[in-house]
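Both backbone and side-chain heavy atoms feed into the values below; hydrogens, waters and symmetry mates do not.
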Amino acid sequence: MAAAAEIARMSRERPPYYWQSLDFQKLMGEYPPPPAFFNTVYRMPRPRLRNLQENRFRSQIARAWEVPFYQRRWRAAGLEPGDIRGIGDLTKIPPYTVLDIRDSIARSPPFGDFMGVSPADGRRIPLVIQTSGGTTGLPRPMLYAPQDREVMAILGARRLTMHGVRPGDLVQVTRSLGLANGGFHVREALWKYTGAVPVMTGSGNVTPTRRQIEIARAWGVNVIVGFPAYLRHMAIVARDELKIDPRSLGIRSLDSNLGMEDRGAIEELWGAPCHDFYGAHESGMIAADCAYRNGMHVQEDAFIVEILDPETGKPMPQGEKGNICVTSLYKYSAPLVRYNINDVSAIMPGACECGSTLARLERIFGRSDNMVKLRGVNVFPEAIGALIAEDARSTGEYFCIVERSGEAGHDEMTVMVEVAGCSVDPGVFQKDLERRLHEALAVKLAVKPVQRGDLDQYTGVSQVSKVKRLLDKRQSDSVR
Ligand SMILES: [Zn+2]
């Protein structure tokens, strides 16, 4: 009897089919993927672009008013529906950070109230869940509706095409496959909108690094996508363990989120250009550099990017560094309206040689919440990494430990650095690097040379795709 009832129910309840969930033709016109992107949005005159942003901004605000998180926060700030009429009113809206998202999750577990959908809406819209690549606690969840997922894939395809991916290419993706969005996002972008074939090797704990290199060689991979530390690790494993010159693999291009990492060192190892991008799992692909590799073009048909003063929260003038604050223009499930990501960058003045009209973000200087205040000086671990990468006597791997020592409570940072080979004199290397860090950062740090591979237990570089660089023992034993 029960089985018969279940069969009757099964034959009645119709799930929402993905292929019917969107008007794909309309979407292609609104968010053109490559190659149309390069003849439209990429070169759109600024007034037209602004007009497009205004229209999308108004729809995004209307959608945000349907989400409890924004209703609560905006009402508390004295705003009512209708008060935000255009981009000019943006600064009336209070920005929020990841702490507010965590608070939202704590208020209404397990998914928070910042998404306008819940898993039960899967009955009417196909939904998928991915998360941040968080290293402490539960990762932050994000439900994506088809509109979110497809536009993200298009934005990703634009980035990958700007980075040299062409139809018919094989692209090896060394980003993690699991809850984190990093790997799947790239797979969808490549597969659906570039004509290239994704090779999803995942990070080093999914496919060991030696095997990754063997696959790249045997299958004739053209482009590799990965975190900078992993791209460097792969090249060194190829060269030193497998005795394969990474340059002989014929990799045409590399795609990474470089931040402060030394692009030149990675390009030298692989003999290929390394391209930079910037995005977050909540937002999708915000910006990517072009062939000129001089700043990252913001996808302004999908985002409004502001740079905020970390102290006052006020927008900064062009060229000045501050926190990246993003407003999405395309999201359905969880619109982002003034999300302060706390990554430090600046909008570059002037136009790019490539002829694009899209604004450019400078490289990402570091996370302002990863920033360590050391005896009154702001220190970014990422900036330390960039200085270390300049020294050929190191593998580029490093890990920073901050401690409060002595009765006076003096804050000290020790930077452990891997030396590249046995021909390096650790004493000389230590002195040279300490001097270099002191002159560049205006604060004294202790350097401790260690053997190759010794830092893996701290950073996880051979295993995970998001490496750790800092342990601040003054606050807690949390690793960032
Ligand atoms: Zn350009």
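- Enclosure of atom CH2 in W191 is not indicated, since only 12 or fewer non-hydrogen atoms of other residues, nucleotides or ligands lie within 6.0 angstrom.
- Two rings, from Y339 and Y96, have their centers less than 6.0 Å apart.
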Stepwise side-chain hydrogen bond (donor to acceptor under 3.5 Å, both in side chains) check, D289 with H163
CA-CA 8 Å; D289 66 9; H163 293 179; 3.0 Å; yes
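- A cation-pi contact links R175 to F227, judged by a cut-off of 6.0 Å to the six-membered ring centre and 45° from its axis.
- Annotation: cation-pi pair R56/Y31 present, NZ/CZ under 6.0 Å from the ring centroid and within 45° of its normal.
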| task | With salt bridge (charged side-chain N to carboxylate O under 4.0 Å, His left out) as the test, would you mind laying out the steps for D113 and R72 before giving the verdict? | result | CA-CA 10 Å; D113 65 353; R72 176 160 55 78; 3.0 Å; yes
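- The cationic group of R367 does not satisfy the cation-pi geometry with F380, failing either the under 6.0 Å distance to the six-membered ring centre or the 45° limit from the ring axis.
- When only modelled atom types and interatomic distance are considered, Y230 and T209 share a side-chain donor-acceptor pair under 3.5 Å.
- Residue Q147 places its CD atom among more than 12 non-hydrogen atoms of other residues, nucleotides or ligands, all under 6.0 Å distant.
- A salt bridge between R149 and E188 is present, with a side-chain N of the basic residue lying under 4.0 Å from a carboxylate O of the acidic one.
- By the 6.0 Å and 45° rule, R469 stacks over the aromatic ring of Y398.
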- Step by step, would you call N342 with S368 a side-chain hydrogen bond (donor to acceptor under 3.5 Å, both in side chains)? CA-CA 5 Å; N342 268 316; S368 62; 2.9 Å; yes
